[in-house]
Amino acid sequence: MTILLMGHPNVGKSAVFNRLTGANITESNYPGTTVDFTEGHTFIAGKEYRIIDVPGTFSTEPKDEAERVALDILEEHEDAVVIVVIDSTKVERGLYLAFEVLERGYPAVIALNMWDDAERQNINIDVSRLEEILEVPVVPTVAISGKGIYRLVEKIPSATQVDIKDLKEKISEL
Amino acid sequence: MKTKSTMKLSEMEYGERGVIREIKQDLKDQILGRGIRVGKKIRMDTKQPINGPVVITIGKSTTSLGYNLARKITVEVEEDDDTSDGTS
Amino acid sequence: MKLEPEERWRLIDRVARETVQYGAEKTTIKSTLAELTVKPFTGIPFAIAILYGFWAFFNAFAGFFTDGFFVPLFDDLWLPWIQEAFPLEGSWFYYILVGDPAATNSFEAFGILTSGLFVAVGVVLPAIVAFYLVITVLEDSGYMPRLAVLVDTVLHKIGLHGFAVVPMILSLGCNVPGVASTRTLETKKQRFMMMILLSIFIPCGAQLGVMLSLIPEYFGYIMLYLLAGFFVFGWILNKVVPGSSPEIMTDVPPFRIPTISNVSRKLWVKVKGFFTNAIPFVLLGVGLVNILYLVGAIDWLSNILGPVFTGWFGIPKETVAPLIAGFLRKDLAVAQLSAIEMSGFQLITSVVIISIYFPCIATFSMIIKEGRNSGGVLKVLGGSLLTLVTVVFLWGGLLHLIGMILGVT
Amino acid sequence: MKQKTFNFILILVGASALIPGILELLFTLTGKTFTWGEIAFQGEFMFWRGVVLLASGVFYLTAVYHTSRTEKRAQAVLASLMIWIVGGMEILSVILSSIPGDGGRWFNSTQGFFSSYTGPFIPAIFLLPISLVLVLLIFGEERKNEG
């Protein structure tokens, strides 16, 4: 099983990655490009998972080489679970990428990272409502201190695909 | 008293605020994922001298764009007659 | 099912309206500080302080390991031992691996296991650790994009990108990681330009140190002339090299305090990667120079170049020997130069020539290795040799001309 | 009271950064070195230290009488950061160069080790305590206003 960590640059994606993996991580060059990516392994509920820290990207419509590699990695792992790491102070932007991932039929978990920053800036996010609307697990995290990472791991096995058509109708009725 | 005028993003001054009205098609696709889109409120943070890049804030995200990219964005600027230090 | 971007945004706006509330905006010292670092008036002096700190840290750190421990380790223990213990003294095999059996320091032995290993482990490794450490801290703290925005104003004028500042400052420590980090640039054109410009015009930390201690009175002139060359030839390359130079478009994240665990993990991955990827190339490069020596190619070259030096550049022909040493280490070459009898202007000229005539072999090996990312090894090799020859003759000759006009030759 | 204290510290630290900054630039340009008591105007890259000190002096002094504005308080913090970068790196370099020995010894003698710490030092070192106090005051004030 493979877990892909996706998110914008500077959302603390590699901090999440470091929390999830053990010491045995490798950085390698994506063939034919100048882009490097990191991967490691972890055990969740007795099952071994391969975790890939996908290069930071703003959308799945690639604009440069790093974003192209991000898309290639995503498309290569059709049966992967995707953890979309979002900066909690920039939820809208992050959801854009999360939607794109869901639209491609990947089961996903959303990590609302940098939750402490959002609290400090008086940003209130109704996590359970968000979970209810999107029908994917949403977990507030502070990767730097490790807060929420355990819950994030717990939710990974329960990630399922989302029917976009239903989602669209549901949101339109809000 | 507030008056409004339309200008290119590259022409905005420090601390000015406005609303994005138009983005040229070729740039539009490039910056959609970054949350820079028509209708969003925008603030000019800084502008580097001799046609260097601009730095703008939309919501909580701050982005820097090269001068020629900034020229492709049209903004309706609110000109605030009150003196303001731009930090509010 | 895929949505259209506009439709996607429409849905997200609805979701956000339902779930996210933004409280009153607060202007804090921290957020204002973040803004000040990207405004020119306050940002540029701060950037100077950061770059100064970068350089000072490198000097202290690399000095501690290289001069404090690796030099005595290699010169007093390793070199005498291997000179003694290695069999077949006098054979070509000994020459390539150990080098000069009478050498008393690891610079001058010129063997793969002596100079090669010393340069790779004793000199380049501490430089790499120091520089990647600072780069990682700057990246994790969120400062790097700000620096890129500030310098983009100037760098974009010659077709480069604000983020080209990373290879540039790495190169001031050591050109090897500088060349390696050009891969973060976006287009082949930018990577190619950066690789050539930095290996020609940016002197490495070791060279800077020697210049500062031996010829401090000329240091400013030399750096000024090299910097001017960087921009003049950057401008020319921008016109000549095909390809595109995209404009900067980057997020400017808020400042964050980097954590030790994240920084050390990143640093470890980078250093490990460097060890396995780059160091074999450096060792191979040293071996190659030795083979060229053995077959007489280098002597042949210096005989041909001698007259060019006196005629075109107006510097004594004794400078050929230091130039050859410059293949391996430019700081050593500068040190040898300062022992040669010549006028002040000739000294400036010859130090400039040392800097621009050819990258050191470790850097050159890296250019070959990274070349495939910038349009193919042969293209990059051809392109860089062509640029090198042009630069050396034009920029070196121009300096001679300036000297003649000023009447100081 | 608070305002007055702020202004006083700002003027004090501003002037004590600006003047040595200008001196460092002048000594670089004239190619001289100079030691005044425990303060040394010398060493590699003095020019850039001069630029940093000069700029931070200007940042401090232009913040005087404007400490009610967040931007100016942040400017003073920025200036202090700059001084801490220069001074901190100097301390690091003194520490690191005091450890290794020379002439066939791996480590420095105890005497040699301690003699590294007797100065004279560059001007930025002497500004470290007061700039730290200033930063603590500014952040203390902010926390107080919040709470």
request  = Can you see which heavy atom on B:Gly33 is nearest to which on A:Ser59, and at what distance?
outcome  = CA-CB, 4.4 Å
request  = Verify the neighbour count for atom OH of B:Tyr14: are there more than 12 heavy atoms of other residues, nucleotides or ligands below 6.0 Å?
outcome  = yes
key: Those residues of residues 52-60 of chain B, ordered by number, that approach chain A below 4.5 Å (heavy atom to heavy atom)   = B:Lys60
inquiry  = For a 4.5 angstrom cut-off between non-hydrogen side-chain atoms, does B:Ile31 reach A:Phe58?
reply    = no
task = Working to the nearest 0.5 Å, report the span between CZ of B:Arg34 and CG of A:Leu97.
result = 12.5 Å
query = How far does CZ of A:Arg93 sit from CG of B:Leu32, to the nearest 0.5 angstrom?
reply = 12.5 Å
message = Does A:Glu78 have more than 12 heavy atoms from other residues, nucleotides or ligands lying within 6.0 Å of its CD?
response = no
